[in-house]
Each structure stands twice: as structure tokens, then as C-alpha cells.
Number of protein chains: 2
Amino acid sequence: MPSSNIPDIVIGRLPIYLRALTRLAAEGREVTSSHELGQRLGISSAQIRKDLSHFGGFGKQGTGYQIAYLIEQLKQVLQVDREWEVALVGAGDLGRAVAHYKGFLYRGFKIVCVFDNDPDKIGEVIDEYTVQPIDDMQQVIPEHGIRMAMIAVPAEAAQEVADRLIEAGIRAILNYAPINLNVPDDVHVQHIDPVVHLQRMTYYL
Amino acid sequence: MPSSNIPDIVIGRLPIYLRALTRLAAEGREVTSSHELGQRLGISSAQIRKDLSHFGGFGKQGTGYQIAYLIEQLKQVLQVDREWEVALVGAGDLGRAVAHYKGFLYRGFKIVCVFDNDPDKIGEVIDEYTVQPIDDMQQVIPEHGIRMAMIAVPAEAAQEVADRLIEAGIRAILNYAPINLNVPDDVHVQHIDPVVHLQRMTYYL
DNA sequence: TAGATTGTTAATCGATTAACAATC
DNA sequence: TAGATTGTTAATCGATTAACAATC
């Protein structure tokens, strides 16, 4: 965690707020309150106010928050008021689905290259991407100055892919492989494993 | 949260432990310690011991934990020592990828039906599944006694799909749509939104 | 003005960690 | 036995909540 003294758990909630606010805006709403937002998200209004107050006073007493303005501010805080180029490794079923996904673009991210090591897949075209050999990563990633990557390869290959990505300059990894990645302190990792979420729920059933 | 007085945050870590232990077993290891497991996961050994102690004494002083035994016990606690039938709603790119994913089966889950409301997709065959009309959910789900579902439809449709699933008897939902779902207290929801994870990391870049 | 809601402080609550006796 | 590691208690740390003055 290089910068700042703001709890990581707070940072983790900001994208959730941003998503809910964007939704409210899409519904045509212009103003909201910590109370309303909290109700929608199942979070206390006090927590929302406290979280936001780490970054400034975005609201107005008696009125609440201007949705458009708060969205703008949160995007700035999260640095998603720009577009981040992302590399994708893995062009199997999952990688293909990720490559197709249209939801990245309007929320700050753009996949710019897709890698795989399967000779059958290299050269294949997925939407606007041509699958490149994984050995080209070391060249392509620094060339574009890409700092974020998504891993969608089998569990066995994920750690090695991560190591090579980091060597190529990647500093943030979204890992879809069902395995824990070990990375240096200055590299950020997030895991997506649907089974973990399912297993968390079966406990209560 | 119907049952138990064990913190939800502890339950949330168990699947992570289970995944790491399964990995260790796959590497041919038979015994591990809270210290080793902690190192792999970036968690303190004390936390692992404390978490496990909620459910019993699974280790042996001086030795550590028998991996196979601990896996078995954790599966029992999480109720994934059986196979859960899961309904999938949405047969677009994402739903298709989810349907193809082989990783559910060996970790306690089996997709048994796929629904969509697009006439072009109904009747289509995805692996072993034939896409069924979404209007059949109310019949098919109770018939099979299915209690878990995954939502892979566009954000606009997700809340309505969730409402109908719950009406049909679903009590745990894994939501891939980038929107917060509001559900009754006795229904469990987990969200998967890759953009939220990416946005959480850009803050630090 | 009266009503509403913020931003912030202090109090509460809960989770993590440190430490160690028990024991394999 | 000596060394290692658990399970558990108590101490610490941090996050959430309640409450309210400020103010729109």
C-alpha cells in the first residue's frame, strides 16, 4: 500500500457507492442522501458519510448530495476519471467472455491486448483483438505502458503468468484463476472466484 | 443470517482456507501449519487458528494440521461435502462462459438448468444444457428443489430476475450483474463485479 | 423560520494480534 | 526430553455507530 492513510476497507466501498450513484443517475435522479444510499446498499448512513468525509465535504446540510457532482468526485478519487489500458491473459472460454464484456469501457477500463500460449489460439480474432503469443508480453506491455492485467488461465499456470506480468511492469492484477497469487508488496491483486462466493452462502442454507 | 453466532467474516475466510488446502494436497503435501498457511495467504497464523477454533480443534500441538482431514472438516462446516444444484439465468456471453466453466463441479456445485428470455436463445444447446424460457423458472426450480442461482443478465433485468427466483424458492444468489440487489433478510446474495475490483486497485496506482 | 441532512466527535462494538500454557 | 505448534485468553487495534452542533 504505497500512498495514503485511508483504510483500504473504505477504498473498497467507494466503487460500490459509485456504482449505486451511477444507477441513481440512470434513473433520472439528481439528488440523494446518505440515508437513501445506505438503504439501497444495506449500509448505515453514518458509514457512508464517514467514508466520504475522508475525501472532503461533498454534500450540503439539509439537502444531501448532488449525484452528478459526487460521481465526478468519486471518479477523481479512484482515478477512474480516465481510461486505463488493461492486458488480458488467457483466451479460453473465460478469457473470451471477459474480452467480449462491454461493461469495462464505460467504467474506466479498456482491454488493449489478449495473450495466450496455445498455438491454436494465437492469431485467433476475438472481437477487435488478435490473440498474441504469451512470450510477447514482455515487449508489448512496456511498449504500451500498461499497468493493469487480468488473468484468465488455468490455476496451474496462474502464478507463473503473474510473475511474468509483474516483470513486464504490471502493478495491478485481477485474477480469475482459483488460486491465491503471491506477489511483491508493491503489486495489487484482487481475486474473483465464484465458487468461494457460493461456498460462503451454503454455510447458511 | 438465520443460524449461528459465528462472525460472517470468519465464514467468508473458510472457502479461502479450503482452496489453499486443496492446492497443498494437489502438491502432494500431507501436513501443514497455521504458520505456513498464513504465509501463503498473507494472513496471520493466529487468525487462522482462531478462525478454525470456532468449529473445533482440528490440529495437533507440535505437528500442525492433517491436510486431508482439515479439508474434510471444512467441507462439512461449509456444507460442501455434498453437491448443490444451481440454476443459471442468462445465456449471453457471460452466462455461456459460466455454463462452460468446469470448476464448479469438483467444489460442490452443479448447474442443472439455464434460463433466458430471448426467443433466439431458448432451445439453444450449451454443453449439456438446453436453454429454457425464463417463464418456466417458477415451475422448474421448485420441482428440482433448487435453492441456489446465478444471475448473468443485464443490469436492467437483474432485480426482476432476483425477485422471481426468490418467489420460486431460491435462497442464495450469486449475482454477476453490476447492480446491487435488494432481497429479503432470509435470502443471501453475493456480488461479482470485476470493475469494482479494478476500481479498487486504480486508487493505489 | 422549521425541517432536514451533513460532517464530525466520542462511545461502542468487534476483529485482530500477541502471548503462553498445554501437549504432541 | 527438546522442539514445535496448537487452542485460547487477554490486550490491542481499528471500524462502526450514535449523537449532535452546524447549517443549508
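Lettering of chains follows the sequences in order, A, B, ..., and the numbering in each one begins at 1.
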task: For D116(B) and A91(B), indicate whether the former's side chain and the latter's backbone hold a donor-acceptor pair under 3.5 Å.
output: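 Between the backbone of A91(B) and the side chain of D116(B) there is a qualifying donor-acceptor contact (under 3.5 Å).
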field: Any donor-acceptor N/O pair, E83(B) side chain to G108(B) backbone, under 3.5 Å
entry: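 Side chain of E83(B) to backbone of G108(B), a donor-acceptor pair under 3.5 Å: no, none is there.
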Does [X] come within less than 4.0 Å of [Y], counting only side-chain N to carboxylate O?
X: R13(B); Y: D8(B); result: no
X: E27(B); Y: R40(B); result: yes
X: K102(B); Y: D127(B); result: yes
X: R164(A); Y: D135(A); result: yes
X: E128(A); Y: K110(A); result: yes
X: E36(A); Y: R29(A); result: yes

query: After noting the C-alpha distance and the side-chain angles of D163(A) and Q159(A), does the key distance pass the side-chain hydrogen bond (donor to acceptor under 3.5 Å, both in side chains) rule?
result: CA-CA 6 Å; D163(A) 295 341; Q159(A) 182 65 58; 2.9 Å; yes
message: If you count heavy atoms of other groups shown closer than 6.0 angstrom to CD of Q138(A), is the number above 12?
response: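 Enclosed: over 12 neighbouring heavy atoms sit under 6.0 Å from CD of Q138(A).
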Going by number, which of [range] have a non-hydrogen atom under 4.0 Å from DNA chain D?
range: residues 31-44 of chain A; value: S44(A)
range: residues 21-30 of chain A; value: none
range: residues 52-59 of chain B; value: S53(B), G57(B), F58(B), G59(B)

query: How does DNA chain D look in dot-bracket notation if pairs are Watson-Crick or G-U with both distances under 3.5 Å, crossing ones as [ ], other-strand ones as |?
result: ..||||||||||||||||||||||
query: Starting at the 5' end of DNA chain C and moving along, which residue's nearest nucleotide shows up first, G62(A) or K50(A)?
result: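 Taking each residue's closest nucleotide, the earlier one in sequence belongs to G62(A).
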message: Within the 3.5 Å criterion, strictly below it, is a donor on D93(A) or Y101(B) matched to an acceptor on the partner's side chain?
response: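 No donor-acceptor contact under 3.5 Å links the two side chains.
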message: Applying the side-chain contact (heavy atoms from CB on, under 4.5 Å) criterion to L14(A), which one of I6(A), L78(A), V80(A) satisfies it?
response: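 The side-chain contact (heavy atoms from CB on, under 4.5 Å) with L14(A) is passed solely by L78(A) among I6(A), L78(A), V80(A).
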message: Assuming nearest nucleotide by heavy-atom distance, tell me which of Q47(A) and K60(B) is located more 5' along DNA chain D.
response: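 Final value for this comparison: K60(B).
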- request: Give me the ring orientation class for Y204(B) and H188(A): parallel if the planes are under 30° apart, tilted from 30 to 60°, perpendicular past 60°.
  value: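 Ring orientation, 0 to 90° scale: parallel.
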query: Who are the side-chain hydrogen bond (donor to acceptor under 3.5 Å, both in side chains) partners of S45(B), not counting sequence neighbours?
result: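 With neighbours one apart ignored, the set is R49(B).
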query: Where does the chain B footprint on DNA chain D start and end, counting 5' to 3' with a 4.0 Å heavy-atom cut-off?
result: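 Endpoints of the contacted stretch of DNA chain D: dA4(D) to dT9(D).
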- prompt: How close do P178(A) and D193(A) get, heavy atom to heavy atom, and via which atoms?
  reply: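 Closest approach of P178(A) to D193(A), heavy atoms only: CB-OD2, 3.6 Å.
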